[in-house]
Amino acid sequence: MKLKNKVALITGASKGIGEGIAEVFAKEGANLILCARSASTKQIADTLAEKYNIKAIYVNCDVTNKADCENAVEKGMETFGQIDILVSNAGVCKLGNFLETDDNDRDFHFNVNINGSWNISQAVLPGMVKQKHGAIVIMSSVTGYMVADPGETAYATSKAALIGLTRALAREFAEDGIRVNAICPGYVDTPMAQSIAVQSDASNPESVKAGIAGATPLKRLATPQEIGDLAAFLASDESRYITGTQVVIDGGSTLPETISVGVEDEINILERKWNSSCFK
Ligand code: NAP
């Protein structure tokens, strides 16, 4: 159990990737402070505590609110006396063409995705500095850092900013024994991925997901638990010499040199390339 006796605070733990991370961390022996706005997260905490014989609490926390973040850390410290790991995972994504994205839509992404990670990091770091150890895992994305599709500008900008936050924190707090790394997932099968699929084609979201899976070299979306396994590694002592990095976990989706929107199109593009004179 690579996280035995560690205490982890996880934001965005009510569903999707955050819930998957919580389950993997519980299985690895960590005690948990699960944060989100949905009160149903308490049920997740109770279930994991019983199933894996760990301690888990739920704290209501809107990451855009500094006082909520401070309260989550306070409740965690009161309960466990230490916080060894922060997973800053809470995030939002709403597609919208750039010229139609008003300041509210932009701020919606920046406030949750950027300021949320900022706020929770600022709340948790003083305790980590005091105890002279800690591991922070920030949920970025391949979107913004490596790729982007039309309609993703606000989301991509916010996720790319998290790479800067990760590297800057890693540099500033290295001497305090604190490591900071980012995870950059491709598509993960969560309510957010479902909502992106619905926003892309409300009449047939499953075909959107099937198209994404088809264009991914490993031919499927990731599961939240697979992101949890990577987060557990980055939060554990197994990664003790890794800091300031961004780890891509995307089933190879950013690998293809061709623009691939489905198997057939990919083959057509490859054939065209192969037949073109510069390849002969
Ligand atoms: P999801 O299914 O929509 O879950 C989002 C989580 O964030 C929920 O637990 C939600 O909890 C929480 N959240 C949203 N706004 C919040 C706020 N203001 N304060 C506190 N919590 C808030 O999304 P997901 O797919 O699991 O994504 C999790 C993270 O992974 C995000 O940062 C996302 O950008 C990133 N990511 C996802 C994918 C993907 O394909 N799914 C790919 C790359 C990166 P409440 O609503 O209960 O507060």
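Each ligand, and each atom within it, is numbered from 1 in the order the structure gives.
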Ion pair Asp237/Arg240, N-O distance below 4.0 Å: no
Heavy atoms of Ile54 and Leu48 approach each other most closely as CG1-O, 3.8 Å
Side-chain contact test, heavy atoms from C-beta onward, threshold under 4.5 Å: evaluate it for Thr47 versus Gln43 and give yes or no.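 The answer is yes, as the side chains (C-beta and beyond) meet within the 4.5 Å cut-off.
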Mind checking whether Asp84 and Gln131 have side chains closer than 4.5 Å, heavy atoms only? yes
Any side-chain to backbone donor/acceptor pair from Ser195 onto Pro191? Under 3.5 Å, distance only. no
Tell me, which residues have any heavy atom less than 4.0 Å from some atom of ligand 1?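 Within 4.0 Å of ligand 1, protein side: Gly12, Ala13, Ser14, Lys15, Gly16, Ile17, Ala36, Arg37, Ser38, Cys61, Asp62, Val63, Asn89, Ala90, Gly91, Val92, Val112, Met139, Ser140, Ser141, Tyr155, Lys159, Pro185, Gly186, Tyr187, Val188, Thr190, Pro191, Met192.
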Residues Asn115 and Asn119: side-chain donor-acceptor under 3.5 angstrom: no
